[in-house]
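Scroll down for the structure; my scribbles are underneath it.
The shown structure was predicted, so the numbers you read here are calculated from the model rather than taken from an experiment. Each residue takes its place number in the sequence, starting with 1.
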Amino acid sequence: PENGQVFVGLFGYGNGCQISNLSLKNSDITVDVNDAAVSVGAILGRTDEFGTGAIITNCTNDGKIFASTGSVGGIAGSFEKGIITGCKNYGTIDASTAAVGGIISYLNDGAITNCQNYSIIGSKATITSVCGGIAASSGGNTETCTNYGNITSSYEAGGIVGSNWGLIAHCGNYGKI
């Protein structure tokens, strides 16, 4: 990681890694910093564009996440590349941040498939907050995912993705927006 960046999760930073069949229960992740680029996910904090990304399969979060800033996701914070499949989020995300997703905050290139979010997703940020049941922002493929949690945001909100420039296919939203 470069100076001024904070990556937080069971695994903070991972390029080329494969993580599977993990469950976090009763975990409590708190990140309270105001002067750094922060990526927070219960399982993995961040991958970047210079590596091969990461693959996260069949993982579950059922813990609490609080972040005062940055990108926050129930499973992963920020992915430049990677695949997340078969993951579930039941955990509470309490964020004063601008980008919150039930599964991932930010996906630039990659895929999210067969994932479900059951948690309420929201941001207390007063301007430019982006929230989504599956992803806050995505330029990748989001397929066969389902959101059951309610979504609140002061700027952009989506049952599946808050801000999208990728593909969304065969997804369903059952939460209030």
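Rounding to the nearest 0.5 angstrom, the gap separating the CG atom in Leu167 from the OG atom in Ser138 is 9.0 Å. Distance check, rounded to the nearest 0.5 Å: CD of Glu143 to SG of Cys171 gives 7.5 Å. For the atom pair CG of Asn15 and NZ of Lys81, the computed distance is 8.0 Å after rounding to the nearest 0.5 Å. Note: Ile177 CD1 to Glu156 CD = 12.5 Å, rounded to the nearest 0.5 Å. Taken to the nearest 0.5 Å, the CD1 atom of Ile134 stands 9.0 Å off from the CD1 atom of Ile121. Expressed to the nearest 0.5 Å, how far CG of Asn141 lies from CG of Leu107 amounts to 8.5 Å.
Here the side chain of Asn147 pairs no donor or acceptor atom with the backbone of Asn173 at under 3.5 angstrom. Using a distance-only test at 3.5 Å, with no hydrogens or angles considered, no donor-acceptor pair links the side chain of Ser68 to the main chain of Ser96. Panel note: side chain Ser105, backbone Ala136; no donor-acceptor pair is recorded below 3.5 Å. For the pair Thr146 (side chain) and Gln116 (backbone), a donor-acceptor distance under 3.5 Å is absent. Thr47 places a side-chain N or O within 3.5 Å of a backbone atom of Glu80 that can act as its donor or acceptor partner.
Taking the six-membered ring for Trp and thresholds of 30 and 60 degrees, Trp165 and Tyr106 have ring planes inclined between 30 and 60 degrees apart.
Leu24 and Val72 fall into different hydrophobic clusters, defined by Ile, Leu, Val, Met, Phe, Trp and Tyr side-chain heavy atoms under 4.5 Å apart, directly or through other members. Put simply, Ile151 and Ile93 are part of the same group of oily side chains (I, L, V, M, F, W, Y) that touch within less than 4.5 Å, one to the next. Note on Val6 and Val40: same hydrophobic cluster, where clusters join Ile, Leu, Val, Met, Phe, Trp and Tyr whose side-chain heavy atoms are under 4.5 Å apart, directly or indirectly. Linking ILVMFWY side-chain heavy atoms closer than 4.5 Å, directly or via other members, places Ile75 and Ile65 in two distinct hydrophobic clusters. Side-chain heavy atoms closer than 4.5 Å link hydrophobic residues (I, L, V, M, F, W, Y) into clusters, and following such links, possibly through other members, connects Ile56 to Ile112.
Thr142 pairs with exactly one of Ile104, Ile84, Val161 by the side chain to side chain contact (heavy atoms under 4.5 Å, CB included) rule, that one being Val161.
With no hydrogens or angles considered, no side-chain donor-acceptor pair links Ser71 and Ser39 at under 3.5 Å. In summary, the side chains of Asn58 and Ser20 do not present any donor paired with an acceptor at a separation below 3.5 Å, with no hydrogens or angles considered. In this structure, a donor-acceptor pair under 3.5 Å is present between the side chains of Thr113 and Thr85.
In this structure, the side chains of Ser27 and Asn61 come closer than 4.5 Å at one or more pairs of heavy atoms. Here the side chains of Cys59 and Ile19 are in contact, with some heavy-atom distance below 4.5 Å. Side-chain atoms of Lys64 and Phe66, non-hydrogen and from C-beta on, never get closer than 4.5 Å to each other. Phe11 has its side chain within reach of Leu22: a pair of non-hydrogen atoms, C-beta onward, lies under 4.5 Å apart.
When the shell of 6.0 Å around CG of Leu10 is examined, it contains more than 12 heavy atoms from other residues, nucleotides or ligands.
Across all non-hydrogen atoms, the minimal contact from Ile160 to Gly172 is CD1-O, 3.3 Å.
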